[in-house]
Engineer: 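Questions regarding the structure given below will be posed in turn.
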Amino acid sequence: MDLSKLNPPQREAVITTEGPLLVLAGAGSGKTRVITHRIVHILNERPGGALARNILAVTFTNKAATEMKERLVKMAGPRAQGVLVCTFHAFGAEMLREDIHRLGWPRKFAIADMGDQLALIRRAMRDHKVDDRAFDARKVLTLISKAKNSGHEPTPKPEGMGDDYDLITHLVYPNYQLALKAQGSVDFDDLLLLPARLLREHEDLSTKYTRRFRYLLVDEFQDTNLAQMNLLRLLAGKVRNVCAVGDDDQAIYSWRGAEVRNILQFDSHFPGSREVRLEQNYRSMQVVLDAANAVIAKNPERKAKRMWTDRLGGERVKVVTCPNEEEEARFVAHEIQKQMALGVAADDIAVLYRTNGQSRPVEEMLREKGIGYEVVGGSEFFDRREVKDVIAYFKVIANPRDEVSLLRIVNVPARGIGDVTMERLHAHARADGISLWAAMGRSQGYEDLPAGAAEKVGEFLQLIERYRGLFEEGRLAQVTRQLLEEIGFREATRALAPSISSADKKLKSVDHVLNSLESFEKREGPKASLLTYLNRLSLDTRQEEEEVPGGHRRVTLMTVHASKGLEYRLVFFIGMEEDLMPHKGMQGEPQNLEEERRLCYVGITRAKELLYLTRAAIRVKRGKEVPCTPSRFLEDLPPEVVEKVDLAAPRTGAPTEQERNFFANLKDRFKPKGAGGGAGPTPGDRKV
DNA sequence: ATATCCATTTTTTTT
DNA sequence: AAATGGATAT
């Protein structure tokens, strides 16, 4: 491997393989490059000692993990296959798969998704006579999660005084955790906490893991939380070959419990650590970097750092005001079309936004123009009722103790097992100290259940048991088809839909589940089981790749959060308005505002060559038209690096020279159906 | 137990 | 505007 291609601090980060090391790597400073080189260096320089399987590299998302693994294999060949690259959560899940039984969970544990968590919390609230409608279960969940992530394992700790939510959380937490365990599930936070507990309480495991993972690397370190730090320390053992890479200016997950302090006080966790700073940006043109630096400079508390580049000049940042959301999308789509015509590949282009909902208009416009795109994240699909139902069947079949899912599908499609019946069974389960599922098994013996009801319950039980057997034989998609057929799921779904078109949509998403299951089977081979599928589903939010005939190069649409660590030649950062970026509700607390600012910084620094910051003058919110003020972050941009265009201003005269140039390639915007010929913006042509 | 209608409300980001 | 959930009628 050629280390001479690295700059001095990069090289230092690569060759300092022993002992704790903190790499403060600014945006675009070749962070991923350093990590991959470092891994290859470890493999090369220690042929006797280090094997690929002694290395663990932790990334923030599964997507990043896959990409890093690919790069590694490309660089170092097949021997890099043995390097474990994954997220903290995936790593934790893997550990638990082996040894969770030592903590009293069943080996075949399930990972509760947010819906499951909320259902459990609501029930715990009801048990404590807390009105689950007056109080937001979501907030309680956030507080529980915060408590867990800040290291307060099952011991609840009421924070502060007099706040209802703190009190409720204090009450609900133990019940929630018990209920979770009782149904054989863990939540996301447990994926970090329980592995740490395993390492702390079981010396043989501690030995096993610290022996195996002798080199640890953690990317995006600024967004790790305390639980992750604890797990890392336990894994690092006494050897402490830990390399943490991050940038405090890109900390954007504090709302999820991330602690910038992990990076700012790295040395207190790993005394004697060395520190390397990467301040040269290789990604962006000067103008883009100037814009980014100007925005982030306003944050008071940061490790002083100045990113620089030798890629001087560049096209100025386009700050574009559009009349409304639709026009904003139209502008983006047109500009993409124009740039693609100029030779920019679709996969060099990204559209970024603050909230997932903003993708829709852009999607529509791109579809209209026949431009291929891919939406990253946005779990809309798995939120659909019918999809959730199918998944709930999977969950119950894989683990009948999963009460939340059981209650969800026991009467879907309607099979005469109503609320009353389930309420009674639930009471029995409690009284007898057994699971709801077990109580259902005894339903014949309960006096208060009518024979008819008991019989139906019995039939349902048999159905599930029978399919458990079938699923164990494999052919997941095939068996699922059979199941849906047998219970008449499609018919019921269609009957329930308010219109034919919505019925079609619903059935399509059911098909989509089957497709995703099919490609999962194809990928995993014989290893594929219902449980592994479900686990993957909760850990990896990525949708299954869809085969697109029109080539694989597509424009990427995603939230700024999801764009962390990625780069594109062209970036459209849309919705640069107050209440959106920074988001409304984040403007009260100064800390929140600082995080919004960092978010803006992250978005801007994704761009290599050309950056568009767009906004709408009017936006429709909740069915009402609302005027929007430009984002305060736009004010911070140095005037010399931006080019402002206003497509919303009422205009009277002929277009200016600047506008004429700008629109030279955008004629059809004003003559949507025509082949061109417009000279520029005129008032009459504007679509209303 | 199910069907229908009306009122209410809304997630910001995600492993 | 859309979608969820509740209340009401069947």
Side-chain angles (χ1 to χ4, degrees), chain A residues 58-65 86-93 111-114 117-118 122 132-133 136-139 141-142 145 148-149 186-193 220 223-225 227-228 231 251-258 325 352-360 376-380 382-385 411-422 450 452-453 456 492 495-499 502 535-542 558-564 575 579-587 592 595-596 598-600 602-603 619-626:
Chain A
V58 182
T59 57
F60 193 73
T61 63
N62 291 290
K63 188 177 183 191
C86 60
T87 64
F88 266 117
H89 290 90
F91 177 78
I111 300 170
D113 61 29
M114 201 149 59
Q117 298 186 72
L118 288 172
R122 289 208 182 91
D132 63 319
R133 273 174 300 155
D136 187 358
R138 224 173 277 271
K139 280 193 187 147
L141 175 57
T142 308
S145 179
K148 281 185 159 191
N149 279 317
V186 301
D187 63 18
F188 276 107
D189 304 322
D190 290 336
L191 292 176
L192 308 170
L193 295 174
E220 308 286 4
D223 284 320
T224 53
N225 62 32
Q228 288 165 324
L231 183 56
I252 54 176
Y253 280 92
S254 72
W255 52 273
R256 210 174 79 180
E325 198 173 27
L352 307 183
Y353 35 79
R354 175 68 233 263
T355 67
N356 284 117
Q358 292 171 258
S359 74
R360 193 173 279 178
V376 175
S379 56
E380 231 173 51
F382 287 102
D383 285 341
R384 310 196 57 148
R385 154 101 55 72
N411 206 28
V412 175
R415 53 171 69 88
I417 307 176
D419 293 345
V420 182
T421 305
M422 292 314 288
K456 283 170 186 149
L496 236 63
S499 72
S502 82
N535 275 294
R536 188 199 184 79
L537 221 52
S538 35
L539 283 176
D540 194 343
T541 51
R542 284 177 298 171
M558 65 193 148
T559 62
V560 187
H561 281 93
S563 76
K564 191 165 73 147
D579 292 355
L580 209 47
M581 180 76 252
H583 197 276
K584 166 167 65 188
M586 296 282 86
Q587 294 171 17
N592 290 341
E595 181 145 313
E596 293 292 298
R598 289 193 293 270
L599 197 53
C600 184
V602 168
R619 205 170 276 274
V620 180
K621 291 173 185 170
R622 287 185 211 165
K624 274 218 174 82
E625 283 197 344
V626 184

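Below, chain A is the first sequence line, B the second, and so on; all start at residue 1. Note: hydrogens, waters and symmetry copies are ignored here, and every other heavy atom, side chains too, is used.
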Engineer: Give the rounded distance in Å between these two atoms: CZ of A:Arg122 and P of C:dG6.
Structural biologist: 10 Å

Engineer: Looking at A:Ser254, A:Pro582, A:Cys600, which one forms a side chain to side chain contact (heavy atoms under 4.5 Å, CB included) with A:Glu595?
Structural biologist: A:Ser254

Engineer: May I have the distance from A:Leu118 (atom CG) to C:dT4 (atom C1'), rounded to whole angstrom?
Structural biologist: 15 Å

Engineer: Do the side chain of A:Arg354 and the base of B:dT13 come within less than 3.5 angstrom through a donor-acceptor pair of N or O atoms?
Structural biologist: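 Side chain to base: pair present.
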
Engineer: Under 3.5 Å, is there an N or O donor on one side and an acceptor on the other linking the side chain of A:His583 and the base of B:dT12?
Structural biologist: no

Engineer: Please confirm whether the shortest side-chain N or O distance from A:Asn592 to OP1 or OP2 of B:dT13 is below 4.0 Å.
Structural biologist: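 Answer no for this pair, as no side-chain N or O of A:Asn592 is under 4.0 Å from OP1 or OP2.
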
Engineer: For atom NZ of A:Lys621, is the number of surrounding heavy atoms from other residues, nucleotides or ligands below 6.0 Å larger than 12?
Structural biologist: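 Count over threshold, so yes.
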
Engineer: Using a strict 4.0 Å threshold on nitrogen-to-oxygen distance, state whether A:Asp579 and A:Arg619 make a salt bridge.
Structural biologist: no

Engineer: By the definition side chain to side chain donor-acceptor pair (under 3.5 Å), identify the one residue from A:Asp189, A:Asn225, A:Asp190 that meets it with A:Lys148.
Structural biologist: A:Asp190

Engineer: Considering just the side-chain nitrogens and oxygens of A:Thr61, establish if one lies under 4.0 Å of OP1 or OP2 belonging to B:dT14.
Structural biologist: no

Engineer: Can you tell me how far P of C:dA1 sits from CZ of A:Arg619, to the nearest Å?
Structural biologist: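 For the pair A:Arg619 CZ and C:dA1 P, the rounded distance is 17 Å.
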
Engineer: Give the rounded distance in Å between these two atoms: CZ of A:Arg536 and P of B:dT15.
Structural biologist: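 Interatomic distance, CZ of A:Arg536 to P of B:dT15: 13 Å.
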
Engineer: Expressed as a whole number of angstroms, how long is the span from A:Leu580:CG to B:dT13:C1'?
Structural biologist: 12 Å

Engineer: Reading DNA chain B 5' to 3', what string of ( ), [ ], | and . shows its pairs, if Watson-Crick and G-U wobble pairs count only when both distances fall under 3.5 Å?
Structural biologist: ||||||||||.....

Engineer: Any side-chain heavy atom of A:Arg354 sitting closer than 4.5 Å to one from A:Thr559?
Structural biologist: no

Engineer: Quick test: give all pairs of protein nitrogen or oxygen and nucleotides 2-5 of chain B nitrogen or oxygen below 3.5 Å, distance rounded to 0.1 Å.
Structural biologist:
{"from": "B:dT2", "atom 1": "OP2", "to": "A:Asn411", "atom 2": "ND2", "distance (Å)": "3.2"}

Engineer: Please classify the nucleic acid contact of A:Tyr253 as base, sugar-phosphate, or nothing, using heavy-atom distances under 4.0 Å.
Structural biologist: sugar-phosphate

Engineer: Starting the side chain at C-beta, find the nucleotide from B:dT12, B:dT11, B:dT14 nearest to A:Thr355.
Structural biologist: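 It is B:dT12.
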
